[in-house]
There are 2 protein chains.
Amino acid sequence: MNKTLQQIKYSQETEDLARFSKALGHPTRLIILKYLSNQSCCYTGDLVDILPLAQSTISQHLKELKEAGLIDGEVNPPRIRYCINQKNWKKSKKLFQTLFQEDFNFFSVVKL
Amino acid sequence: MNKTLQQIKYSQETEDLARFSKALGHPTRLIILKYLSNQSCCYTGDLVDILPLAQSTISQHLKELKEAGLIDGEVNPPRIRYCINQKNWKKSKKLFQTLFQEDFNFFSVVKL
DNA sequence: ATAGTTAATCGTAAATATACGATAAATAAT
DNA sequence: ATTATTTATCGTATATTTACGATTAACTAT
């Protein structure tokens, strides 16, 4: 007797952590984030110089990081200046810390 | 003048962190891991009872967590006992800590 | 006005992920 | 031996991801 349900309602924390994790789930995006957190900010072109990937591909990765909330893009024509979104970066740091805490109460954190 | 290269060689750390992140990048898998880290171990059936998903879907998620190295499955017929792989769990914890460190040297961590 | 620069977006192809039901395998219980 | 239990795997459909080149948009510089 299998259950069928397309949509599950997860807690906000679980959704957030999954979204952040997913964004971190590609080596190229990790490189971008590490670069950003070191340089504080950069332009798309800086990354195009560093990474052996097409400009459009890098732009796509930046879009995903932006949509996950991990970076911001400030228009500075004709370029766009990308920075880490400090608020969400800290938020994701906290969520990961909670996940890896030695002891936590499952039911206080996990709500389906 | 766009670059074209299908395969990029990332550092082992970057690959590992991306693999762990990707595995964490789905709410259902987060729930499973949180449950496991609380219960220490469980069977597939326990998760089928908790999660409103088909048994085959849960089995698939367990497979992904296993392939990422985050859990182990010990055959205990006809059931399979799943536990967190403590070694890799700690490893991923460390990798995330490094990622979120306030200050680190980009070039000491990131090697393309 | 024209040309150059920067970076997003579009169109597309291939691969991967997510979900399901059905089936199979392996064992335990009757 | 037969039946029940547990869980992986198969087949499949749909959605998403990842990559590319080409194009477009927005601005700068000449």
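Proteins come first, then strands; the chains are lettered A, B, ... in the order of their sequence lines, and each starts at number 1.
For the 3.5 Å distance criterion, the side chains of Thr14(A) and Ser11(A) qualify, holding a donor opposite an acceptor.
The side chain of Lys22(B) contributes an N or O atom lying less than 4.0 Å from OP1 or OP2 of dA17(C). Remark: Tyr82(A) is not in phosphate contact with dT6(C), judged by side-chain N or O atoms under 4.0 Å from OP1 or OP2. One finds a side-chain N or O of Thr57(A) lying less than 4.0 angstrom from the OP1 or OP2 phosphate oxygen of dC20(D). The phosphate of dA17(C) (OP1 or OP2) has no side-chain N or O of His61(B) nearer than 4.0 angstrom. Taking side-chain N and O atoms only, Arg29(A) has a distance below 4.0 Å to OP1 or OP2 of dT18(D).
Taking atom CD1 on Ile80(A) and atom P on dT24(D), their separation rounds to 19 Å, with Å as the unit. If you measure from atom NE2 of His26(B) to atom P of dA15(D), you get 15 Å, rounded to the nearest angstrom. The nearest whole Å value for the distance from the CG atom in Asn76(A) to the P atom in dA7(C) is 10 Å. When rounded to the nearest whole Å, the span between CG of Leu62(A) and P of dA7(C) equals 10 Å. As a whole-Å value, the separation of Arg19(A) CZ from dT17(D) P is 13 Å. Glu64(A) places its CD atom 13 Å from the C1' atom of dT16(C), with the value rounded to the nearest Å. Look at NZ on Lys63(B): it is 15 Å from P on dA19(C), rounded to the nearest Å. The distance between atom CG of Asp49(B) and atom P of dT7(D), rounded to the nearest whole Å, is 10 Å.
The side chain of Leu53(B) has dC20(C) as its nearest neighbour among dA8(D), dA22(D), dC20(C). Closest to the side chain of Ala54(B), from the set dA7(C), dA22(D), dG21(C), is dG21(C). Closest approach to the Arg79(A) side chain among dT7(D), dA17(C), dT6(C) is made by dT6(C) (side chain taken as heavy atoms from C-beta onward). The side chain of Thr44(A) has dA7(C) as its nearest neighbour among dG21(C), dA19(C), dA7(C). If you check dA26(D), dA7(C), dT7(D) against the side chain of Pro78(A), the one that comes closest is dA26(D).
Side-chain contact between Ile71(B) and Leu65(B) is present, with at least one heavy-atom pair separated by less than 4.5 Å. No side-chain heavy atom of Ile32(B) sits under 4.5 Å from any side-chain heavy atom of Tyr35(B). Using a 4.5 Å cut-off on side-chain heavy atoms (C-beta onward), Tyr43(A) and Asn76(A) make contact.
The base of dA8(D) does not come close enough to the side chain of Gln60(B) for any donor and acceptor atom to sit less than 3.5 Å apart.
Taking every heavy atom of residues 65-72 of chain B and every atom of DNA chain C, no pair lies under 4.0 Å.
When atom types are taken as modelled, the side chain of Asn88(A) and the backbone of Leu70(A) share no donor-acceptor pair closer than 3.5 angstrom.
Ring pair Phe100(A)/Phe96(B): centre-to-centre distance below 6.0 Å.
Contact check on Lys66(B) versus Asp72(B) returns no salt bridge, with no Lys/Arg side-chain nitrogen under 4.0 Å from an Asp/Glu carboxylate oxygen.
Here the options are Leu99(B), Leu24(B), Leu17(B), the test is side-chain contact (heavy atoms from CB on, under 4.5 Å), and the partner is Leu24(A); only Leu99(B) passes.
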